[in-house]
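For reference, the structure I am asking about is given below.
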Amino acid sequence: MVSASTWATPSTRTELIENLVSGVDRYNPSNVGILEDYLYHQIRSEEYDCLANLAILKLYQFNPDLYNPDVVINILIKALTSLPFPDFNLCISLLDERSASTNPDEPDPLPLLLPVLTSLHNLLQQCRFPAFWTLYRSEKAESLRDNYTVECVGFEDSVREVVIRGVKAAFKSIRMERLGNYLNLSDEDLNGYVAKLGWSIEASTGVVSIPPNPDNQIESTVVQEQIELPQLVKVITHTQSA
């Protein structure tokens, strides 16, 4: 799980990008090309920097002539797998309303793909993992797969990391078949993935044991309030005078 500090300042962020994100040049439109190149570096290297990507969207918001739909879609794809952080919704809040382009020479793919991306995000957020994979593999998401996520290195594994975070928080044990449906994996691929996690499998039952963690352990909590005598006197006095 990524900490809030790592999210705000990833270790892979260069000094140049740090200056663009945190300094006065954040709103300088001449720097948009540098930030876009940094986004495509993230796409190729499995790195992620939400604040740098938000800076691109803010520049687009202030300078509509800079708008590049392919960049926006790639930003949303990277944000899709950042759950439980609210990155996707933060990105959506910076988008202007756009209708499908009627220009056949330069069609805008964003209005067509945005509902698909939003549905995928909602399904992940709701932990409806099999439904996510069904939609992602469907004809409706074909353009997204063929033109965008295919270029995003490690996209499906990043989705599976979101799944695992949900499973670890909700289960102490889970059947292999169910876990496979959540991860969209089966047979040797599923066995290898579980082994990589270091989780044990009971061969006779096909049940995977999930190591204890703060989220899947039920522990009673005792809440004790201490009220000093002077405070109690004030309460009684106030009640009598009311």
Side-chain angles (χ1 to χ4, degrees), residues 1-7 10 42-43 45-48 50 76-92 113 115-142 144-146 148-223:
M1 181 65 183
V2 177
S3 66
S5 60
T6 302
W7 176 89
Q42 296 171 51
I43 293 292
S45 63
E46 298 187 68
E47 296 175 8
Y48 180 56
C50 180
L76 293 175
I77 287 171
K78 294 296 289 186
L80 192 65
T81 58
S82 67
L83 287 167
F85 290 111
D87 299 18
F88 189 89
N89 290 331
L90 290 174
C91 293
I92 292 294
L113 290 181
V116 178
L117 285 163
T118 302
S119 295
L120 289 171
H121 171 262
N122 291 339
L123 291 172
L124 270 185
Q125 189 176 45
Q126 297 162 10
C127 295
R128 297 171 59 189
F129 305 128
F132 170 90
W133 292 112
T134 298
L135 175 57
Y136 179 67
R137 300 295 183 192
S138 70
E139 184 178 350
K140 187 181 295 186
E142 182 178 6
L144 181 69
R145 295 193 310 273
D146 292 348
Y148 296 97
T149 59
V150 68
E151 301 292 339
C152 185
V153 176
F155 172 75
E156 294 187 9
D157 283 338
S158 295
V159 171
R160 293 185 178 103
E161 289 178 8
V162 175
V163 173
I164 291 301
R165 287 197 287 269
V167 170
K168 288 170 64 177
F171 294 92
K172 291 183 178 180
S173 61
I174 185 172
R175 294 190 63 83
M176 279 287 280
E177 182 180 359
R178 186 175 189 178
L179 182 60
N181 288 335
Y182 285 178
L183 295 170
N184 194 41
L185 294 173
S186 60
D187 302 330
E188 293 183 4
D189 291 335
L190 178 58
N191 289 328
Y193 196 92
V194 172
K196 185 177 179 181
L197 290 171
W199 295 358
S200 60
I201 307 171
E202 177 58 49
S204 60
T205 61
V207 173
V208 181
S209 296
I210 299 169
N213 64 77
D215 293 320
N216 70 357
Q217 297 298 300
I218 301 175
E219 296 181 0
S220 60
T221 302
V222 178
V223 178

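Bear in mind that the values here come from a model prediction, so they are computed numbers and not experimental data.
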Between Asn122 and Arg128, is there a side-chain heavy-atom distance shorter than 4.5 Å? no
Is a donor on one side and an acceptor on the other found under 3.5 Å between the side chain of Thr118 and the backbone of Pro115? no
Spacing of Leu120 atom CG and Leu76 atom CG [to the nearest 0.5 Å]: 11.0 Å
Between atom CD1 of Ile201 and atom CG of Asn191, what is the distance when rounded to the nearest 0.5 Å? 5.0 Å
How close do Ser82 and Tyr48 get, heavy atom to heavy atom, and via which atoms? CB-CE2, 4.0 Å
For Thr134, side chain to side chain contact (heavy atoms under 4.5 Å, CB included) partners two or more places apart: none
Report the residues that fulfil side chain to side chain contact (heavy atoms under 4.5 Å, CB included) with Ala169, sequence neighbours left out, ordered by chain and then residue number. Asp215
What verdict does the side chain to side chain contact (heavy atoms under 4.5 Å, CB included) test give for Trp133 and Val159, after you've listed the backbone C-alpha separation in whole Å, the side-chain angles of each residue and the deciding distance to 0.1 Å? CA-CA 10 Å; Trp133 292 112; Val159 171; 3.6 Å; yes
Quick one: closest heavy-atom pair of Cys152 and Ile43, and the distance? CA-CG2, 3.6 Å
Polar side-chain atom of Arg165 near backbone of Leu83 as donor-acceptor pair, under 3.5 Å: yes
Given side chains that start at C-beta, do those of Ile77 and Leu144 come closer than 4.5 Å, heavy atoms only? yes
Tell me the ring pair (Phe, Tyr, Trp, His ring centres under 6.0 Å) pairs involving residues 187-207, sequence neighbours left out? none
Smallest separation among heavy atoms of Leu135 and Ala141, with atom names: O-CB, 3.4 Å
For the residue pair Val207 and Arg175, establish whether any side-chain heavy-atom pair is separated by less than 4.5 Å. yes
One should read off an interatomic distance between Arg145 CZ and Lys140 NZ, to the nearest 0.5 angstrom, of 12.5 Å
Going through the distances and angles, do Leu117 and Phe88 end up as a side chain to side chain contact (heavy atoms under 4.5 Å, CB included)? CA-CA 9 Å; Leu117 285 163; Phe88 189 89; 4.1 Å; yes
Would you say that more than 12 heavy atoms from the other residues, nucleotides or ligands in this model lie under 6.0 Å from the CG of Asp187, or not? no
Sequence neighbours left out, what pairs pass side-chain hydrogen bond (donor to acceptor under 3.5 Å, both in side chains) with at least one residue falling in residues 149-164? Tyr136-Thr149, Arg137-Glu156, Asp157-Arg160
Report yes if the side chains of Asp87 and Trp7 come closer than 4.5 Å at any heavy-atom pair, otherwise no. yes
Distance, nearest 0.5 Å, that separates CG of Asn89 from NE2 of His121: 4.5 Å
So which heavy atom on Phe129 is nearest to which on Val162, and how close? CZ-O, 4.5 Å
Can you confirm whether Gln126 is buried at CD, in the sense that more than 12 heavy atoms of other residues, nucleotides or ligands lie under 6.0 Å from that atom? yes
Under 4.5 Å between any side-chain heavy atoms of Thr81 and Phe155, yes or no? yes
Mind listing the closest non-hydrogen atom pair of Glu47 and Lys78 along with its distance? O-NZ, 2.8 Å
Heavy-atom nearest pair, Tyr182 first then Ile174, reads CE1-CD1, 3.9 Å
Applying side chain to side chain contact (heavy atoms under 4.5 Å, CB included), name anything that partners Ser204, two or more places apart in sequence or on another chain. Glu202
Ring pair (Phe, Tyr, Trp, His ring centres under 6.0 Å): pairs with one or both residues in residues 158-180, sequence neighbours excluded: none
